Undergrad: 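Sending over a structure as structure tokens; questions will come in a sec.
Quick caveat: nothing in here was measured; it's all calculated off a predicted structure.
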Amino acid sequence: MRTAVALLASLALLLSPAPAPAEGPQATYVLRVPAPLGDSAQRLLGLGYDVLEQRDGADLFVVGDPRTAQKLRSDGYQSTVETAMPPSQREPRSLGDATYYGGYRTITAHLAHLDEVARAHPGLATVVDYGDSWRKTQGSGGYDLKAVCITRKSPGDCALTPTAPKPRLFVMGQLHAREITTGDMAWRFIDDLVASDLTAMLADLEVWVVPIANPDGVEIVESGGDSPVLQRKNANGTCTSGSRGVDLNRNAGSHWGEVGSSTNKCSETYRGTRADSEVEVQALESLWRKLYRDTRAPGDTAAASADTTGAVISMHSYGDYVLFPWGWSTQKTGNDAALRKIANDMAALSGFTAGQPGEVLYNASGATDDWVYDDLGVPSFVWEIGAGSGRCGGFLPPFSCQKDVHWPKVRPMLVSAMNAAKRPY
């Protein structure tokens, strides 16, 4: 916790007249902003602030620099300093490093890990290249988009067809690049599936894992080395007053362009020029259509059929939530009772709070979990892993927190999801 003196100093800084643009990096603040559920919360998002997936009663939390509190005040919102993070020094790491910030794995280490697991366990693991990141499509570096399918292999397993014989659980991390806990959870899950009691569950289930869904963004994060850069979006675009890129969790074509997204290219919730404009989102949607049958008729209230199989988990941080569709509205889906039960079962194992985003946080449109349910009828969930404060809270917990705090909570939730994927409705 910050000392009272430091807190007052930061508050004085935030309430003082806006300073002239400074040379070099500046501190990043998390501001507590009163914004109750409903119009106040939705207006805050609509103004383009970097609103976190965290709520405490009537308060939301906004990431910003020393000018953000003044802008909030001009927009009619009060704020107080919750935490302050030192500026990223952008101290370049060595290109050959496999880790950064105390042990978090780099993009190249994650991709190598998938290949290593497949080589060591050929009867269980298959690596699938499902597309290219934006930078790679531009010929300016970038990465392959890769998933691993893990199951006790039989004929027809891991095939890119929705008629494959086994139900499928899909788990992905770091769609938002700065949420580094989620990539580590994916790494641990992959290792656990091939070398623990979970392997026995793979006789009648496929598990697909995308450890890094936004590799260009993660490359920016890890470029800071021991002072990671808080990049949320991908790398497509330019911005003179914020971070470049498109928010991949506002770009999916389910109620795209509605609440909780921004048209401002510098906003952290910038939704892109059109629905599904980003190659990372296009690749995910194409992969999901190859993995799952469409069991749901069009329309916001239609229910998926009782014979639907599978589930999709998108891991995010932070806030300790299990969220499910719809996110664009508090309207209930046609499968609300089943989705709510699965979410409550998972949340009970971790001490998380379950609900629709608009029930516990705020509404936001263009999210991938809404798209999965909307387009295919497959149950889809967002996990917000980690508390908002404390040593292991926030975006950048020490690496030791992953093994000691987060993994003991996430693993039982993953087992619950594996069971639910077989017959969710």
Undergrad: For T181 versus I385, what's the shortest heavy-atom pair and its separation?
TA: CG2-CG2, 3.9 Å

Undergrad: Under 3.5 Å, which donor-acceptor pairs do the side chains of residues 203-211 form with other protein atoms, sequence neighbours left out?
TA:
residue	atom	partner	partner atom	Å
E206	OE1	R168	NE	2.6
E206	OE1	R168	NH2	3.3
E206	OE1	W208	NE1	2.8
E206	OE2	C158	N	2.7

Undergrad: List in chain and number order the residues that pass ring-ring contact (aromatic ring centres under 6.0 Å, His included) with W187, two or more places apart in sequence or in another chain; answer none if no residue qualifies.
TA: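 Counting only residues at least two positions away or on another chain, W187 forms a ring-ring contact (aromatic ring centres under 6.0 Å, His included) with H110, H113.
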
Undergrad: Mind checking what makes ring-ring contact (aromatic ring centres under 6.0 Å, His included) contact with H406, not counting sequence neighbours?
TA: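 Partners of H406 by the ring-ring contact (aromatic ring centres under 6.0 Å, His included) criterion come out as none, since no residue qualifies.
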
Undergrad: Please list, chain by chain and in numerical order, all residues satisfying ring-ring contact (aromatic ring centres under 6.0 Å, His included) with H121, sequence neighbours excluded.
TA: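 None.
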
Undergrad: With sequence neighbours left out, which residue pairs that include part of residues 276-288 fulfil the side-chain hydrogen bond (donor to acceptor under 3.5 Å, both in side chains) condition?
TA: N234-E278, N234-E280, N236-E278, N251-S277, E285-W371

Undergrad: List the residues meeting side-chain hydrogen bond (donor to acceptor under 3.5 Å, both in side chains) with R32, not counting sequence neighbours, and say none if there are none.
TA: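 If we apply the side-chain hydrogen bond (donor to acceptor under 3.5 Å, both in side chains) test to R32, skipping adjacent residues, the hits are D56, D59, E82.
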
Undergrad: Specify the closest pair of heavy atoms between V127 and A118, including all atoms of both residues, with the distance to one decimal.
TA: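 The pair with the smallest heavy-atom distance is CG2-CB, 3.8 Å.
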
Undergrad: Got a sec, which pairs hit ring pair (Phe, Tyr, Trp, His ring centres under 6.0 Å) with one end in residues 244-271, sequence neighbours left out?
TA: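 Applying ring pair (Phe, Tyr, Trp, His ring centres under 6.0 Å) to every pair that reaches into residues 244-271, excluding sequence neighbours, yields H255-W328.
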
Undergrad: Which residue pairs satisfy the disulfide bond (SG atoms under 2.5 Å apart) criterion with at least one member in residues 217-267, sequence neighbours excluded?
TA: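 Residue pairs passing disulfide bond (SG atoms under 2.5 Å apart), neighbours aside: C239-C266.
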
Undergrad: May I have all residue pairs that pass disulfide bond (SG atoms under 2.5 Å apart) and include part of residues 355-425, sequence neighbours excluded?
TA: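 Found C392-C401.
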
Undergrad: Please indicate whether D39 has more than 12 foreign heavy atoms, meaning atoms of other residues, nucleotides or ligands, lying under 6.0 Å from its CG.
TA: no

Undergrad: Could you list the residues that satisfy salt bridge (Lys or Arg N to Asp or Glu O under 4.0 Å) with K332, not counting sequence neighbours?
TA: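 In terms of salt bridge (Lys or Arg N to Asp or Glu O under 4.0 Å), with neighbours along the sequence ignored, K332 is linked to E359.
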
Undergrad: I'd like to know if the side chain of D216 and the backbone of S133 have a donor-acceptor N/O pair within less than 3.5 Å.
TA: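 Such a contact is absent between D216 side chain and S133 backbone.
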
Undergrad: Provide the full list of salt bridge (Lys or Arg N to Asp or Glu O under 4.0 Å) pairs with a residue in residues 148-165, sequence neighbours left out, each pair given once.
TA: D157-K166

Undergrad: For residues L291 and A159, report the shortest heavy-atom separation together with the two atoms involved.
TA: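 Smallest interatomic distance, heavy atoms only, reads CD2-O, 4.5 Å.
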
Undergrad: Tell me, please, which residues at least two apart from F399 pass ring-ring contact (aromatic ring centres under 6.0 Å, His included).
TA: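 Checked F399 against ring-ring contact (aromatic ring centres under 6.0 Å, His included); matches are Y104.
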
Undergrad: Going by heavy atoms in the side chains, are D247 and R271 under 4.5 Å from each other?
TA: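 The answer is no; the side chains never approach within 4.5 Å.
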
